[in-house]
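Bear in mind that the values here come from a model prediction, so they are computed numbers and not experimental data.
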Amino acid sequence: MGLGAFVILIAVGAILTFASDWQMEGVNLDLVGLILMAVGIIGTAAYVSVLRRRRMVVPPVAPTVTEDDRRDLL
């Protein structure tokens with residue numbers, strides 16, 4: 001799942017929790033919305049931490065010059 005899917009989970013959860021007045025027998029839509037928002041927030045945090053680790057750039061190492069290399073130039 002990408003970052004967009006987690007944002008959609010958060011949005012759907014917020015809509016179910018705060019903006020809907022539907023009543024379903026045997027299902028608490030407020031709780032379902034809270035669960036979706038929690039999964040979306042946890043998923044977003046995990047995705048961002050993995051993405052940050054994946055984009056870590058290691059600076060290039062400068063080549064070392066030895067005495068033999070200097071003598072070859074002369």
### Task
Kindly compute the distance separating CG (L29) from CD1 (I15), expressed to the nearest 0.5 Å.
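Going from CG on L29 over to CD1 on I15, the span is 12.5 Å.
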In this structure, would [X] and [Y] fall into the same cluster of hydrophobic residues linked by side-chain contacts under 4.5 Å?
X	Y	answer
V32	F18	no
V7	L36	no
W22	V12	yes

### Task
Using the test side-chain contact (heavy atoms from CB on, under 4.5 Å), find all partners of L34 that sit at least two apart in sequence or belong to another chain.
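For L34, the residues satisfying side-chain contact (heavy atoms from CB on, under 4.5 Å) (neighbours in sequence not counted) are T17, M37.
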#### Entry: I35: partners by side-chain contact (heavy atoms from CB on, under 4.5 Å), with sequence neighbours left out
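With neighbours one apart ignored, the set is L31, V39.
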### Residue pair L16 / D30: nearest heavy atoms and the distance that separates them
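Closest approach of L16 to D30: O-OD1, 3.7 Å.
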